[in-house]
Amino acid sequence: MLASRYFMPTLKENPSEAQVPSHIYLIRAGFIRSLSAGIYEYLPLGLRVLRKIENIIRKRMDESGALELLLPILTPAELWKETGRWDVYGKELFRLKDRKDADFALGPTHEETITDLVRKNVRSYKDLPLNFYQIQTKFRDEARPRYGLIRGREFIMKDGYSFDVSEEDAIKTYEIMKDTYHKIFKDLKLDYLMVEADVGAIGGKFSHEFVVKVPSGEAHIVYCESCGYAANVEAAKFHHNKLPPEELQPLEKVYTPSVSSVEEVASFLKVPTQKIVKTLIYKADDKFVAVLIRGDREVNETKLANLLKALDVRPATSEELKELNIVEGFVGPIGLNLPIYGDYSIEGLYNFVVGANEKDYHYKNVNIGRDIKVEHFYDLASAKEKDPCPVCKAPLKETTGLEVGHIFLLGTKYSSAMKAYFTDKDGKEKPIIMGCYGIGVSRLMAAIVEQYHDDKGIIWPDVVAPFDLHILILNMKDEKSVKSGFEIYEEAKNLGIDVLLDDRDISPGAKFKDADLIGIPNRIVIGKSLNEGKVEYQRRDSQEKKMIDLDKVKEFLQTLK
RNA sequence: CGGAGUGUAGCUCAGGUGGGAGAGCACGUGCCUUGGGAGCACGGGGUCGCAGGUUCAAGUCCUGCCACUCCGACCA
């Protein structure tokens, strides 16, 4: 490819709209442009990278036995109404009407569409298993698109769906996809973690996320360096350290004027925060509940929502507390007329402090069973850095990650709702067991840049680079340079190397700056050393440089392939 | 969706108190130059986000709307 005939509009300055490295460099180096918030154009360079990423994914998916197909983006509302997601998905679903006023949605994901295809065409266990995937543009009207390709409203995703006759088989398929994902992210040279994840609104039995370790990541991860346990904090478990048992002390009401936060109460009463129990009131869909948790821990709203099978969980507002006759700042479980859910952290805790549900008073020496009734204890607390690992008890570490893949064992959530049944060997009709598997393809492009860049620009790993080799002819007025440059260019092309020749008549400095920005891994510079019959070879990643004799260039090019 | 900020040339931005629409870069032409975004000269380029209002006069003041960005909520 000749740079003089190519379209790679590079920018000298950082675009004002971009904050994170991937967004800044993908725009500056001419890979993408934004059209509207969270909507991007892929320019020729960007598309080349995208295709390389897609092909790595495609190769591994095909190897796994999954079948590629292509589903419509435009999907009728009826399918979404069957599973209830027409309402549940909310504003994130892009909706539109056709000329007959019928409702449609632009597909944000395709469980409904693929399940519809399968239910219409699969009758018997003999037709199963099936595993499909597609690489396609998805639409989600995100409340807050940000960070360029990291969170867009229109983006490219690889989504896959598996159909098995039994949970046992479905788990086997799930494991195959897990291995396939590991291969894909290794192929892409990413520094990533596979973590246990919450299934979220998509539902299902269990799931794993693949997250790339980057500072701009939105996922909070805890992981254990000694045994390898890793989980999204939404789902992370941890080992609870218990305080030693104590003799029960008599219940005591104490005056605590204007002392309400855990830290204030702890220092006022001179007790550790572990012996204070917070009573938190949440509104779960349309009901109120109380959660009891030790003072040094935080409630994980995702875990609470899962326990209560609620769609929406949030702390009660001050107004709501007033209506419930609860004294804000001194909330306590004694005499409280709400369902109480105890976190594991208060199981086996003795002589603790709670709010008295009366302004400026707390209770001391409260004990479960004697003073308050808590029948079950649940895992409702967020894991945090230094908590003991649930598997090996080593201290957990915390990091942020960018989710680039997510796999779910769905079970029968969609097949039951949409009546995707098959007839089993025993002649009985059963719902198909499903799994679904997503990879954010366009987000991967950003994730790679997040991990592979320096202060000059992008440093593409060889496998996804838009070109393999960048040839710079520094002086286009010099006939010898031009001749050698084009000869090397032709030789490289003949060897099947993807090569970009910078034959633009601009200053050498501008060519170097653009080359650094664009980040093609191998570079041949044709400049002054041509007088000694040599050209210069450089790597973008190591800045390694070496001189190559003109008559040895051909054999050198062989080593690049 | 709650809070905040920004919107002036292709890009980055400057334009106290109301009165000439500007700079650097980019772009075009010419000269010069060719190893890290060169130099000189000339030139083209604007619905000052949109609509309304105040005023003799609005980029500037007021109101409404829109877009973009940030923090948060949200995010199969």
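So you know, we letter chains A, B, ... as the sequences are listed, proteins then strands, and number each from 1.
One interatomic measurement links the two molecules: CD1 of A/Ile150 to C1' of B/C75, which rounds to 14 Å at whole-angstrom precision. Protein atom CG of A/Asp505 is 13 Å distant from nucleotide atom P of B/C31, rounded to whole Å. Regarding A/Arg28, its CZ atom lies at a distance of 14 Å from the P atom of B/G37, rounded to whole Å. At whole-Å resolution of the value, CD in A/Gln538 and P in B/G35 are 14 Å apart. Atom-to-atom, CD1 of A/Ile506 to P of B/G39 comes out at 15 Å; the value is rounded to the nearest Å. Atom pair A/Tyr147:OH and B/C74:P shows a separation of 15 Å (rounding to whole Å applied). Taking atom CG on A/Asp478 and atom P on B/U34, their separation rounds to 11 Å, with Å as the unit. The distance between atom CZ of A/Arg151 and atom C1' of B/C68, rounded to the nearest whole Å, is 18 Å.
The CD1 atom of A/Ile184 sits 4.0 Å away from the CD1 atom of A/Ile439 when rounded to the nearest 0.5 Å. The structure places OG1 of A/Thr10 at 12.0 Å from NZ of A/Lys513, a figure rounded to the nearest 0.5 Å.
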Does A/Arg119 form a side-chain hydrogen bond (donor to acceptor under 3.5 Å, both in side chains) with A/Tyr414? I'd like the steps, not just the answer. CA-CA 11 Å; A/Arg119 72 177 166 183; A/Tyr414 295 91; over 6 Å; no
Check the pair A/Tyr174, A/Phe206 against ring-ring contact (aromatic ring centres under 6.0 Å, His included), reporting the backbone distance first and the verdict last. CA-CA 10 Å; A/Tyr174 186 86; A/Phe206 57 82; 5.0 Å; yes
Walk me through it: do A/Glu175 and A/Lys178 pass the test salt bridge (Lys or Arg N to Asp or Glu O under 4.0 Å)? CA-CA 5 Å; A/Glu175 291 301 324; A/Lys178 199 193 267 178; 3.4 Å; yes
Would A/Glu68 and A/Lys158 count as a salt bridge (Lys or Arg N to Asp or Glu O under 4.0 Å) here? Give the steps. CA-CA 10 Å; A/Glu68 186 171 7; A/Lys158 189 287 298 182; over 6 Å; no
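A side-chain donor-acceptor contact under 3.5 Å links A/Asp343 to the backbone of A/Leu380. A donor-acceptor pair under 3.5 Å is formed between the side chain of A/Asp503 and the backbone N or O of A/Ser4. With hydrogens and angles ignored, the 3.5 Å screen pairs no side-chain donor or acceptor of A/Thr180 with any backbone N or O of A/Arg60. One N or O on the side chain of A/Asn522 and one on the backbone of A/Asp468 form a donor-acceptor pair closer than 3.5 Å. At distances below 3.5 Å, at least one donor-acceptor pair connects side-chain atoms of A/Lys303 with backbone N or O atoms of A/Ala236. Here the side chain of A/Arg95 pairs no donor or acceptor atom with the backbone of A/Ala77 at under 3.5 angstrom. When atom types are taken as modelled, the side chain of A/Asn300 and the backbone of A/Val233 share a donor-acceptor pair closer than 3.5 angstrom.
Of the C1' atoms belonging to B/A67 and B/C27, the separation is 27 Å, rounded to the nearest Å. Comparing B/U8 with B/G46, their P atoms are spaced 15 Å from each other, to the whole Å. The gap from the P atom of B/C1 to that of B/G53 amounts to 29 Å, rounded to the nearest Å. Taking the P atom of each, B/C74 and B/C68 are spaced 23 Å apart, rounded to whole Å. Here, B/A4 and B/U12 have their C1' atoms 23 Å apart, quoted to the whole Å. For the C1' atoms, the distance from B/U63 to B/C71 is 27 Å, rounded to whole Å. For the P atoms, the distance from B/A41 to B/G59 is 32 Å, rounded to whole Å. Of the C1' atoms belonging to B/U6 and B/C13, the separation is 12 Å, rounded to the nearest Å.
Relative ring orientation between A/Tyr181 and A/Phe210 is described as tilted, the plane-to-plane angle lying within the 30° to 60° band.
You'll find that the side chain of A/Glu92 is closest to B/C75, out of B/A73, B/G37, B/C75. Which of B/G36, B/A38, B/G72 sits closest to the side chain of A/Lys513 comes down to B/G36. Comparing B/U69, B/G35, B/C1 against the side chain of A/Lys91 picks out B/C1 as the nearest. Set against B/U12, B/U69, B/C74, the side chain of A/Ala143 has B/C74 as its closest nucleotide. For A/Ser529, whose side chain is taken as the heavy atoms from C-beta onward, the closest listed nucleotide among B/G35, B/C70, B/C13 is B/G35.
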Could you go through nucleotides 23-30 of chain B and list every protein N or O atom that sits under 3.5 Å from one of its N or O atoms, giving the distance for each pair?
{"from": "B/C25", "atom 1": "O3'", "to": "A/Lys12", "atom 2": "NZ", "distance (Å)": "3.3"}

Protein and nucleotides 7-10 of chain B: nitrogen or oxygen contacts under 3.5 angstrom:
none

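When A/Tyr40, A/Tyr25, A/Trp460 are each tested for a ring-ring contact (aromatic ring centres under 6.0 Å, His included) with A/Phe31, only one passes: A/Trp460.
Between A/Ser507 and B/G36, a side-chain N or O to OP1/OP2 separation shorter than 4.0 Å is absent. Side-chain N/O atoms of A/Ser36 include one lying less than 4.0 angstrom from OP1 or OP2 on B/C68.
As judged by a 4.0 angstrom heavy-atom cut-off over every strand, A/Pro15 is placed among residues touching the sugar-phosphate backbone only. Contacts of A/Glu536 with the nucleic acid, taken as non-hydrogen atoms under 4.0 Å apart, include base atoms. Residue contacts for A/Arg33: at a heavy-atom cut-off of 4.0 Å it reaches no nucleic acid atom on any strand shown.
In terms of position on RNA chain B, the residue among A/Gly38 and A/Pro508 whose nearest nucleotide sits closer to the 5' end is A/Pro508. Residues A/Arg146 and A/Ile526 each lie close to RNA chain B; by heavy-atom proximity, the contact nearer the 5' end of the strand is made by A/Ile526.
Residues satisfying the side chain to side chain contact (heavy atoms under 4.5 Å, CB included) test with A/Pro44, not counting sequence neighbours, are A/Tyr6, A/Phe7.
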Only Watson-Crick and G-U wobble pairs with both distances less than 3.5 Å should count. Give RNA chain B in dot-bracket notation, marking inter-strand partners with |. (((((((..((((.....[..)))).(((((.......))))).....(((((..]....))))))))))))....
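Annotation: salt bridge (charged side-chain N to carboxylate O under 4.0 Å, His left out) contacts involving residues 514-531 of chain A, sequence neighbours excluded, comprise A/Arg504-A/Asp514, A/Asp516-A/Arg523.
Applying a 4.0 Å cut-off to non-hydrogen atoms, the residues of residues 514-523 of chain A that approach RNA chain B are A/Asp514, A/Asp516, A/Leu517, listed by residue number.
Side chain A/Arg144 to base B/C1: no donor-acceptor pair is found below 3.5 Å.
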